[in-house]
Amino acid sequence: RGLAQQAYEFGCHYFLLLGDDVKVFTSRWMSKVHMTFIDMATTDAGPANNASTVPHGFGCVAFNDLAFPHFPTFPVVSSVHMAMMGGEIFSDQFVNQGADPFLYQLYRRWGYSRLLVDVELANDIGGAQPARYEKCDIDWSGDILSAAVNRIETAPLPLQFKLPNRKLMIDVVVPTFRCIAPLLEKILSITVPDDCATMFIIVVDRPDSDPIASSLLKALDQHANVDTRIRCMPANMGAPCARNRGLEESSADYILFLDDDIHPEPHILEEYANALRERISQHKNEPPVGFAGPSFLPPPVTPRARGVVLAGVQTFWDLPSNPDWKKVPWAVTANVLLPRKHGAKFDTLFPKTGGGEDIDFCFKATEEQPLISVPKAAAVHPWWQEGNPHLDRFYNWAFGDGALVFMYPQFTFVATVPNPTELLLVLTLLFFLLEGCVFLLPAMGVDAILEIPPFVLPMFLFIAFISVVLGEVLFECLWNTVLSSNRALPELQGMERLHACFHASLVRNASEIGRLMGHMSQGKLSRCIFHRFDWFVGLFEGYPASERKQ
């Protein structure tokens, strides 16, 4: 930093940050860097007559480091940058790490960053290997980057020059454990609008030594470029941790989270960009908000899949497509665009398999503001297990999302009556209490309060369990055939509908059991039992009353 400042005072035009152990392998590299700056100042941004709109030297050019292919290291900036930044190449908050990608990402905001693939160098000491000094990383992607952008936008320019409009900074983060290359290639082929700067970040939730991960890296090697990053986790750490790694790799203003098994519309990014532009034009000085596109499940053709639909656990997946819902309270991370808020991370309190972490992160990223629906930003999510989803999936989801009850008490309400799972728990506790009275008190020399034959209490508990289970199945059938005024799958009739109702009861109660077990595992049972989370977080005023009635 100090040497660059001295060089600027000496009148130098270009500034390249190098170490004393760097080897440059490409001849005439100075000419190639110079011609790239000329090209950026004329052809790239100028109108049809090639008249320059930015001064020559505006932007950043990076070498291709053989140790970090397609990653912008060793950047070149010019005296234009130094002048706009007040004579310094970067702020004194940097110690010895992070300045290279910072400078590249800074000018990426206007589309004036270039990585010269054919200009190669290598860093003999340091880089990916241990350095001769203690590396001091800083988080530059928040306030530091914003301050630098502001300095460039407010720096005076000669009358004949002007900065182009800033691009929309939207990165795509996809965690993957399945590692299905054709599906990921389809995501990588999403159309990127001209006024967007987008980086695709694939986070493989396996170590790079894993054969499946290695096979995926080879399959996606043809897609490797400065706008595509593929990173491996040190071990299978779960979706929340993988998404956090994706957030660390990004410096964009917005993140489009996608699941690794969805089939997105080719123009999904364009639809989100259109909605974002409209929001910015109408509410320029308001805090950023999130955007939700629908994730459609294919039409259900199996009893289990129909049961999932009748149980309503997928309600929020395609809710943004409903014309009555211009805003939704949250969205699943299979398909959602959220602002990258400094410090907002996926909470590892939630299970590796997912469940509740998407809702929690939506609240963090948007400060509990609703998301704007973007119906055309659609994706199709295949049915799990080829249309026969296992109950443990819904159990695990609920095991995680049960934490929302104590994390967000402002969005909870008390139920009028217990659900079947809670009722069975109460009956079980009552059974052991009465058993204690019958057997322990006489042993302690206390006359029995209740003269109950030994077989009565077990029989009572058995009958109670059967009654609750049958009552729940009967209710599910009545609700989805007679009582509900807004029945799902109205075309499904007769025994097929009753069969689906039975599976709906299994799905619903697997969720309730998982939620209760989650509360017990977190030591929050006494605080959370009989409490319900308002999934609509107040946007649907009648929801608590409807749930109590149901």
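Since the model is a prediction, treat every value here as computed from it, not as a measurement.
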| Which atom of I372 lies closest to which atom of R279, heavy atoms considered | CD1-CD, 3.9 Å
| said: If I take atom CG from residue L220 and atom CD1 from residue I230, how far apart are they, to the nearest 0.5 angstrom? | reply: 4.5 Å
| note | Looking only at heavy atoms, the pair that brings A62 and T73 closest together is CB-O, 3.8 Å
| task | Decide yes or no on side chain to side chain donor-acceptor pair (under 3.5 Å) for Y408 and D360, but give the supporting numbers first. | result | CA-CA 9 Å; Y408 296 95; D360 174 59; 2.5 Å; yes
| Does D171 reach the main-chain N or O of M199 with its side chain, forming a donor-acceptor pair under 3.5 Å? | yes
| What's the shortest heavy-atom distance between S511 and V313, and which atoms? | OG-CG1, 4.3 Å
| With a cut-off of 6.0 Å (strictly less than), are more than 12 heavy atoms of other residues, nucleotides or ligands near CG of N165? | no
| Main-chain N/O of F200 paired with T228 side-chain donor or acceptor, under 3.5 Å | no
| query | Do V328 and F316 have side chains that get closer than 4.5 Å, going by heavy atoms? | reply | no
| Close side-chain approach of L506 and F394, heavy atoms under 4.5 Å | no
| E357 and its salt bridge (Lys or Arg N to Asp or Glu O under 4.0 Å) partner, picked from K345, R243, K352 | R243
| Verdict with reasoning, R108 to S251, per side chain to side chain donor-acceptor pair (under 3.5 Å) | CA-CA 10 Å; R108 192 165 166 258; S251 61; 4.9 Å; no
| message | Quick one, E271 and E265 - any side-chain contact, counting heavy atoms below 4.5 Å? | response | no
| Are E491 and L489 side-chain neighbours, meaning at least one heavy-atom pair lies under 4.5 Å? | yes
| note | Only one of L371, I255, V173 passes side-chain contact (heavy atoms from CB on, under 4.5 Å) with L338, and that residue is L371
| message | Test: side chain to side chain donor-acceptor pair (under 3.5 Å). Region: residues 376-395. Which pairs qualify, not counting sequence neighbours? | response | D261-H381
| field | N285 CG: over 12 foreign heavy atoms closer than 6.0 Å | value | no
| field | Between CG on residue D65 and CG on residue D100, distance to nearest 0.5 Å | value | 9.0 Å
| query | Is a side-chain donor or acceptor of T428 paired with a backbone partner of L424 at a separation under 3.5 angstrom? | reply | yes
| note | Rounded to the nearest 0.5 Å, the SG atom of C477 sits from the CD atom of E472 at a distance of 10.0 Å
| task | Ignoring hydrogens and angles, tell me if any N or O in the side chain of E422 forms a donor-acceptor pair with the backbone of F530 under 3.5 Å. | result | yes
| said: Counting the benzene-type ring for Trp, do F536 and W325 have ring centres under 6.0 Å apart? | reply: yes
| message | Run T198 and L256 through side-chain contact (heavy atoms from CB on, under 4.5 Å) and show every step you take. | response | CA-CA 10 Å; T198 296; L256 173 57; over 6 Å; no
| Between F90 and F102, is the gap from one ring center to the other below 6.0 Å? | no
| request: To the nearest 0.5 Å, tell me how far F346 CZ sits from T333 OG1. | output: 5.5 Å
| Heavy atoms of other groups near E185 CD, more than 12 under 6.0 Å | yes
| said: Is any side-chain heavy atom of D253 closer than 4.5 Å to one of L168? | reply: no
| note | So SG of C60 and CG of L103: to nearest 0.5 Å the spacing works out to 5.5 Å
| note | Heavy-atom nearest pair, A344 first then K364, reads CB-CB, 4.3 Å
| said: Is the ring pair F533/W535 parallel, tilted or perpendicular, if the boundaries are 30 and 60 degrees? | reply: perpendicular
| query | Just by distance, do the side chain of S321 and the backbone of P375 share a donor-acceptor pair under 3.5 Å? | reply | no
| task | Side-chain contact test, heavy atoms from C-beta onward, threshold under 4.5 Å: evaluate it for D205 versus P175 and give yes or no. | result | no
| L216 and I212: CA distance, side-chain angles, deciding distance, side-chain contact (heavy atoms from CB on, under 4.5 Å) verdict | CA-CA 6 Å; L216 178 68; I212 295 177; 5.8 Å; no
| remark: Heavy atoms of C179 and D260 approach each other most closely as N-OD2, 4.3 Å
| message | Let me confirm one number: the CG-CG distance from N509 to L516, rounded to the nearest 0.5 Å. | response | 11.5 Å
| field | Steps toward side-chain contact (heavy atoms from CB on, under 4.5 Å) verdict (Q410, E368) | value | CA-CA 11 Å; Q410 68 272 32; E368 301 177 8; 3.2 Å; yes
| When you measure from the side chain of R340 to the backbone N and O of A252, does any donor-acceptor pair fall under 3.5 Å? | yes
| message | Please report whether the ring centroid of F361 lies less than 6.0 Å from that of F257. | response | yes
| query | Does S521 reach the main-chain N or O of G518 with its side chain, forming a donor-acceptor pair under 3.5 Å? | reply | yes
| Just by modelled atom types, is the D143 backbone N or O under 3.5 Å from a matching donor or acceptor in the S146 side chain? | no
| Is the CG atom of D194 crowded by more than 12 outside heavy atoms at less than 6.0 Å? | no
| message | Taking atom CD as the centre, does Q222 end up with more than 12 heavy-atom neighbours from other residues, nucleotides or ligands that are less than 6.0 angstrom away? | response | yes
| request: Look only at the side chain of R206 and the backbone of C232, and say whether a donor-acceptor pair between them is shorter than 3.5 Å. | output: no
| said: Using side-chain heavy atoms (C-beta onward) and a distance below 4.5 Å, is D358 in contact with V336? | reply: no
| request: Please report the shortest heavy-atom distance between L539 and P329, naming the atom on each side. | output: CD1-N, 3.5 Å
| Take atom CE in M407; do more than 12 heavy atoms of anything else shown fall under 6.0 Å from it? | yes
| task | For the pair H499 and H503, name the ring-plane relationship: parallel under 30°, tilted 30 to 60°, perpendicular over 60°. | result | tilted
| task | Might you confirm whether atom CZ of F94 has over 12 heavy atoms from other residues, nucleotides or ligands at distances under 6.0 Å? | result | yes
| request: Determine, step by step, whether L423 and L427 satisfy the side-chain contact (heavy atoms from CB on, under 4.5 Å) criterion, reporting the C-alpha distance in whole Å, the side-chain angles of both residues, the deciding distance to 0.1 Å, and the verdict. | output: CA-CA 6 Å; L423 182 57; L427 289 172; 4.3 Å; yes
| pair T348-C241: side-chain heavy atoms closer than 4.5 Å | yes
| Would you find a donor on one side and an acceptor on the other, under 3.5 Å apart, between the side chain of R515 and the backbone of G402? | no
| request: Decide side chain to side chain donor-acceptor pair (under 3.5 Å) for Q314 and D318; before the verdict, give the C-alpha distance in whole Å, the side-chain angles of both, and the deciding distance to 0.1 Å. | output: CA-CA 8 Å; Q314 90 306 338; D318 56 10; 5.1 Å; no
